[in-house]
Protein chains: 4
Amino acid sequence: MTKPSAGAQERDRRTGWKQNPEAVQANILRVARKVFAKNGLSGARVDEIASLTATSKRMIYYYFGDKEGLYRKALEEAYREVRRKEEQLNLEGLDPKEALERLVEFTFDHHHANPDFIRLVMIENIHHGKYLAASDLIRDLNRGAITQLDQIIRRGRAQGLFRDDADPLVVHWQISALSFFNVSNEATFSLIFGEKLSTAAGQKRVRQWAVTAVMNAVLAEPIA
Amino acid sequence: MTKPSAGAQERDRRTGWKQNPEAVQANILRVARKVFAKNGLSGARVDEIASLTATSKRMIYYYFGDKEGLYRKALEEAYREVRRKEEQLNLEGLDPKEALERLVEFTFDHHHANPDFIRLVMIENIHHGKYLAASDLIRDLNRGAITQLDQIIRRGRAQGLFRDDADPLVVHWQISALSFFNVSNEATFSLIFGEKLSTAAGQKRVRQWAVTAVMNAVLAEPIA
Amino acid sequence: MTKPSAGAQERDRRTGWKQNPEAVQANILRVARKVFAKNGLSGARVDEIASLTATSKRMIYYYFGDKEGLYRKALEEAYREVRRKEEQLNLEGLDPKEALERLVEFTFDHHHANPDFIRLVMIENIHHGKYLAASDLIRDLNRGAITQLDQIIRRGRAQGLFRDDADPLVVHWQISALSFFNVSNEATFSLIFGEKLSTAAGQKRVRQWAVTAVMNAVLAEPIA
Amino acid sequence: MTKPSAGAQERDRRTGWKQNPEAVQANILRVARKVFAKNGLSGARVDEIASLTATSKRMIYYYFGDKEGLYRKALEEAYREVRRKEEQLNLEGLDPKEALERLVEFTFDHHHANPDFIRLVMIENIHHGKYLAASDLIRDLNRGAITQLDQIIRRGRAQGLFRDDADPLVVHWQISALSFFNVSNEATFSLIFGEKLSTAAGQKRVRQWAVTAVMNAVLAEPIA
DNA sequence: TATGAATGAGGCTTCATTCAT
DNA sequence: AATGAATGAAGCCTCATTCAT
């Protein structure tokens with residue numbers, strides 16, 4: 001009786017779930033990100049998260065303490081993943097102009113491809129950055145987010161290609177604004193002005209417009 | 001039956017606005033906008049809204065049906081107010097270049113000065129534009145939002161000042177992105193990168209950067 | 001449809017419950033006292049209290065905020081009731097000896113007759129007086145509890161009947177100890193030593209013993 | 001099988017008491033007594049007890065079955081310890097008067113010095129003595145608690161020093177009441193009437209008052 | 001003997017909403 | 001037009017306990 005049944009053993013061997021805390025937590029976090037992104041912090045239901053999980057509601061509290069703890073970790077995990085991808089971009093070999101173009105394109109594409117991340121950041125801003133402020137991890141992670149851009153601009157200015165007043169922080173602000181807004185406000189924008197910019201063709205146009213806008217803002221000699 | 005009785009009139013005179021349905025509704029809407037902007041739709045509490053009101057919770061249901069009805073009306077009212085201000089901008093007398101500069105500045109400044117409106121739009125996007133979609137009023141209101149820009153660009157292109165591929169919709173997208181993001185993401189941006197762009201001086205810089213970026217994106221011959 | 005049914009109207013007319021907040025609160029408090037007395041603060045179930053009530057669980061939170069708020073009010077109400085009864089005792093016309101005897105008898109009998117009050121005080125002591133400490137009302141109420149004894153002892157000492165070192169506070173302590181313990185520890189005492197002192201005859205004996213003990217402790221010339 | 005293996009012995013030597021079942025149980029019981037005394041039976045948390053223990057939660061269930069089993073054993077252990085101390089009191093050589101004084105003083109002091117024991121008994125009374133009733137051990141232990149007093153009173157009555165109606169059970173009741181209440185109700189008493197009787201000086205006074213009260217209640221010729 | 005992981009049941013509390021006047 | 005009282009449904013969270021090793 002006290003011997004575990006073969007069935008249970010098998011299930012474990014197959015799924016790797018039980019007695020695998022990290023997998024359980026990762027599974028919860030993945031689900032939580034989706035549900036928080038869809039409904040916001042107060043709109044999300046712990047019950048819904050739990051039911052989409054391979055484990056039970058109780059485990060959420062076991063590992064994350066409470067709903068806010070789960071939200072915070074989900075947010076951290078989302079930021080961590082973004083940074084991980086950004087670091088894979090290797091722009092150092094390219095000339096400044098091309099590197100900057102690539103960076104804008106990458107940011108635009110990445111935001112476009114990860115609406116859940118965008119939504120989590122929107123939600124976090126609705127909460128005035130309260131949870132991000134409490135997470136040293138996220139702030140540390142992100143401080144580095146500007147390093148690549150900083151080096152590109154440094155090189156571009158050294159070569160006389162970029163304007164002397166091109167400030168990495170402001171350029172990052174510009175790139176982020178265009179890439180972020182494109183996703184965050186898609187719903188209201190397309191409702192009011194139609195879907196023209198939401199189609200594949202439309203997105204291609206605004207992406208190009210964004211690249212040109214950033215380049216022309218930075219280049220010493222803007223392209224006509 | 002819509003005429004207040006003499007007794008009601010008297011009470012009205014004493015209290016200032018009891019028995020004045022429109023004033024009661026306006027009061028509720030003003031409070032609701034603030035509370036929804038602060039907490040989101042599910043985060044907002046009908047009780048909190050009611051307590052900040054000069055009237056009672058029952059009146060909210062009396063006039064707006066339910067929480068979502070109140071949210072929708074608050075959203076409509078916010079959009080309506082924006083449009084009212086935009087219409088006061090008279091750019092027709094100006095030459096296209098200056099008119100466009102003014103429009104960018106106005107949008108930037110207006111968004112900066114009305115964070116509650118920005119937050120309502122963020123919230124609405126969190127809800128995938130569900131409530132805006134249900135409101136013919138808002139869509140009609142906003143369709144006109146692009147008319148001024150359309151005329152400016154038309155004139156600029158006619159005069160050979162602006163690029164031929166300058167599309168009012170895309171330019172509006174660009175202006176909105178910069179102006180909106182500047183407010184919507186202030187919390188997370190400043191937490192991660194510091195307050196440099198949030199100060200008065202910083203805001204002045206990004207405002208100028210935004211104007212230049214839009215102009216250089218549109219001008220046939222960008223300014224170096 | 002919107003007209004209330006005759007049945008509901010009748011019920012209201014009969015019970016006086018609905019739309020009678022004070023009766024509802026009093027009803028809740030009466031039940032709460034019993035359940036808290038039986039199970040303690042953490043042992044009590046809000047659901048149990050609600051089900052024994054003529055109203056719903058929701059009303060408990062409506063009127064008392066939370067479980068602790070209900071406990072606090074129930075405690076206050078219990079103390080208030082005790083004081084109300086004590087004030088009805090009129091000992092001023094009696095000579096000091098007889099007055100003191102009467103006071104001891106009254107206290108002993110009252111505690112005996114109100115085990116729920118005793119249990120609430122036990123429970124409150126288990127909580128280190130935390131809730132009583134937070135209630136100005138209870139402290140104010142009880143400060144007066146010693147006034148009658150103070151006057152009796154004053155008179156007895158003035159007449160040379162009572163010892164000069166008879167301190168009202170200490171005498172009150174003694175009276176309380178005997179009367180309180182008699183009820184509070186009835187369970188363990190009778191389990192260990194049998195029911196002899198719990199029967200009517202046994203209670204009569206200890207009551208007499210208590211009276212004599214207090215008198216002999218106070219009298220200038222103890223009775224043999 | 002009760003002999004630890006060599007490997008276990010080694011670990012034992014390192015850790016001090018792992019693999020020493022009795023020490024583990026004693027450790028758990030010591031912690032449990034404190035936590036139950038502080039919070040009551042339902043107020044105590046198994047998790048808190050476990051975390052204050054040198055071992056794990058699982059061991060509590062292993063050794064004591066469930067929370068109530070642990071409580072029962074903690075209660076038993078507390079009673080056992082009290083009896084152990086009482087038996088060390090040797091009053092047989094003293095004359096009855098002095099012996100009785102000593103016994104009152106001892107009881108008063110012991111209760112004063114062991115508030116956790118008092119609190120456990122309070123808690124047990126809140127539970128109507130349910131767990132004590134289930135423990136033959138405790139009842140047997142305590143039956144003897146009155147033996148010493150019985151002999152003292154027997155001797156005092158034989159010598160004509162004590163009243164003929166002095167009943168050991170009633171005198172024990174009196175001694176217990178004063179000594180117990182002094183500790184059990186300290187919180188509420190001092191909150192209502194101030195700390196005067198809680199200070200060292202105040203405790204000295206009530207202790208003396210208790211001794212005198214018991215003596216005067218018992219003595220054939222009370223002291224003025 | 002020992003333990004970290006896991007959990008079902010049930011507890012407290014909140015919320016938008018409606019009732020009765 | 002207005003309101004204080006009332007509520008069902010559902011939310012978040014905790015607890016003693018067991019599992020699997």
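Residue numbering restarts at 1 for every chain, and letters A, B, ... go by the order of the sequence lines.
- For K130(C), there are no salt bridge (Lys or Arg N to Asp or Glu O under 4.0 Å) partners, not counting sequence neighbours.
- When the side-chain nitrogen and oxygen atoms of S56(A) are compared with OP1 and OP2 of dT7(E), one or more of them lie within a distance under 4.0 Å.
- The side chain of T55(C) contributes an N or O atom lying less than 4.0 Å from OP1 or OP2 of dT7(F).
- Residues meeting the salt bridge (Lys or Arg N to Asp or Glu O under 4.0 Å) test with R119(B), sequence neighbours left out: none.
- Rounded to whole Å, atom C1' of dG11(E) lies 15 Å from atom CG of L70(C).
- The list of salt bridge (charged side-chain N to carboxylate O under 4.0 Å, His left out) pairs with a residue in residues 20-34 of chain D, not counting sequence neighbours, reads R33(D)-E81(D).
- Taking F36(A) as the reference, Y71(A) meet the ring pair (Phe, Tyr, Trp, His ring centres under 6.0 Å) condition, with sequence neighbours excluded.
- Non-hydrogen atoms lying under 4.0 Å from DNA chain E are contributed by Y61(B), D66(B), K67(B), all within residues 60-67 of chain B.
- Consecutive Watson-Crick or G-U pairing (both distances under 3.5 Å) extending over three or more pairs maps onto DNA chain F as E:2-21 with F:2-21.
- Considering only residues two or more places apart in sequence or on other chains, R45(C) meets the salt bridge (Lys or Arg N to Asp or Glu O under 4.0 Å) condition with none of them.
- Look at CZ on R58(B): it is 9 Å from C1' on dA2(F), rounded to the nearest Å.
- Taking S42(A) as the reference, S42(B) meet the side-chain contact (heavy atoms from CB on, under 4.5 Å) condition, with sequence neighbours excluded.
- Between the N125(B) side chain and the H128(B) main chain, no donor and acceptor come within less than 3.5 Å of each other.
- Residues meeting the side-chain contact (heavy atoms from CB on, under 4.5 Å) test with I138(B), sequence neighbours left out: L75(B), E76(B), Y79(B), L132(B), S135(B), N142(B).
- Residue K57(B) is the one, among K57(B) and E68(A), whose nearest nucleotide of DNA chain F lies closer to the 5' end (criterion: closest heavy atom).
- Residues from residues 38-47 of chain B lying near DNA chain E, meaning a heavy-atom separation below 4.0 Å, are A44(B), R45(B), V46(B) in numerical order.
- Following rounding to the nearest Å, M59(A) (CE) and dT18(F) (P) show an atom-to-atom distance of 17 Å.
- E48(A) places its CD atom 14 Å from the C1' atom of dA10(F), with the value rounded to the nearest Å.
- Atom P of nucleotide dA6(F) and atom CD of E22(C) are separated by 11 Å, given to the nearest angstrom.
- Judged as a salt bridge (Lys or Arg N to Asp or Glu O under 4.0 Å), and not counting sequence neighbours, E68(B) has no contacts.
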Acceptor/donor pairs from residues 56-63 of chain B side chains to any protein atom, 3.5 angstrom cut, sequence neighbours excluded:
unit_1: S56(B); atom_1: OG; unit_2: R58(B); atom_2: N; d: 3.4
unit_1: K57(B); atom_1: NZ; unit_2: D47(B); atom_2: OD1; d: 3.0

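- Electrostatic pairing of R72(D) and E124(D) does not count as a salt bridge here, judged by no charged N lying under 4.0 Å from a carboxylate O.
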